[in-house]
Amino acid sequence: MSILIKRITEIGVAVKDLTSAGNKFHEILGAQGGIVLNSPEYDMAVQMFRTGNIEFELMQPASPQNIIAQFLKKRGEGLHHIAFEVENIAESITWMKENNVKIINERPVI
């Protein structure tokens with residue numbers, strides 16, 4: 001069994017400062033940022049930047065306890081996750097686990 005990835009839907013990037021990171025994404029990729037959204041559910045602020053068919057999700061922690069703040073402390077700014085659209089989510093999760101692919105969340109996020 002192998003997974004059928006239809007496309008990359010999003011690349012998540014952990015950042016310390018949305019404005020500074022957004023300016024870099026604009027300069028480097030020519031991408032325009034969407035509106036900044038505050039997500040109380042995830043305790044962070046996010047801003048999307050589209051280039052081609054890919055959305056870059058810049059994520060800034062709202063508190064020192066949130067998952068992005070912990071990621072930044074451990075690894076610094078950079079790639080946090082890649083989201084894929086797949087043919088069959090259950091089969092894809094099983095395949096990834098069997099092939100030692102690190103999964104952030106085994107429960108599908110839609």
Side-chain angles (χ1 to χ4, degrees):
M1 174 178 82
S2 65
I3 61 173
L4 174 62
I5 296 174
K6 290 182 170 185
R7 66 185 180 103
I8 295 173
T9 59
E10 165 186 298
I11 298 173
V13 181
V15 300
K16 294 176 183 173
D17 181 276
L18 277 179
T19 302
S20 176
N23 287 340
K24 286 179 185 175
F25 267 71
H26 176 68
E27 289 172 25
I28 294 168
L29 301 174
Q32 294 295 322
I35 61 170
V36 174
L37 300 172
N38 292 306
S39 173
E41 178 182 358
Y42 295 104
D43 195 24
M44 67 180 165
V46 299
Q47 186 175 23
M48 302 303 279
F49 284 79
R50 177 180 281 280
T51 182
N53 291 330
I54 303 292
E55 292 274 357
F56 287 89
E57 177 187 35
L58 304 186
M59 303 172 294
Q60 174 186 306
S63 74
Q65 294 79 27
N66 103 335
I67 193 167
I68 300 303
Q70 298 304 312
F71 179 91
L72 289 168
K73 278 185 201 173
K74 187 174 182 179
R75 299 197 174 130
E77 292 185 303
L79 177 65
H80 180 264
H81 67 270
I82 301 174
F84 299 99
E85 179 181 345
V86 295
E87 188 70 33
N88 183 307
I89 189 71
E91 286 181 14
S92 297
I93 290 170
T94 299
W95 183 90
M96 288 183 182
K97 287 167 56 176
E98 289 172 351
N99 288 277
N100 300 315
V101 175
K102 184 174 181 188
I103 302 172
I104 292 174
N105 190 346
E106 290 185 26
R107 196 177 70 229
V109 177
I110 298 173

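Given the structure is predicted, the values throughout are model-derived calculations rather than measurements. For the single chain, residues carry numbers from 1 onward in sequence order.
Linking ILVMFWY side-chain heavy atoms closer than 4.5 Å, directly or via other members, places V36 and M44 in two distinct hydrophobic clusters. No chain of hydrophobic side-chain contacts below 4.5 Å, direct or via other Ile, Leu, Val, Met, Phe, Trp or Tyr residues, connects Y42 to M48.
By the 4.5 Å heavy-atom criterion applied to side chains, L4 and N88 are not counted as neighbours.
By the 30° and 60° cut-offs, the orientation of the rings of F71 relative to H80 is perpendicular.
Proximity of a side-chain donor or acceptor of Q60 to a complementary backbone N or O of L18 within less than 3.5 Å is detected. Between the side chain of E77 and the backbone N or O of K16 there is at least one donor-acceptor pair closer than 3.5 Å.
Contact between N53 and R7 at its shortest, heavy atoms only, is O-NH1, 4.4 Å. Nearest heavy atom pair, residue T51 against residue L29, reads CG2-CD1, 4.1 Å. Looking at every heavy atom in both residues, T9 comes nearest to F84 through OG1-N, 4.1 Å. Nearest heavy-atom pair across P64 and A69 is O-CB, 3.4 Å.
Counting heavy-atom neighbours within 6.0 Å of I11 CD1, excluding the residue itself, gives a total above 12.
Results of the side chain to side chain contact (heavy atoms under 4.5 Å, CB included) test with F49 over L58, I54, V13 single out L58 as the only residue that passes.
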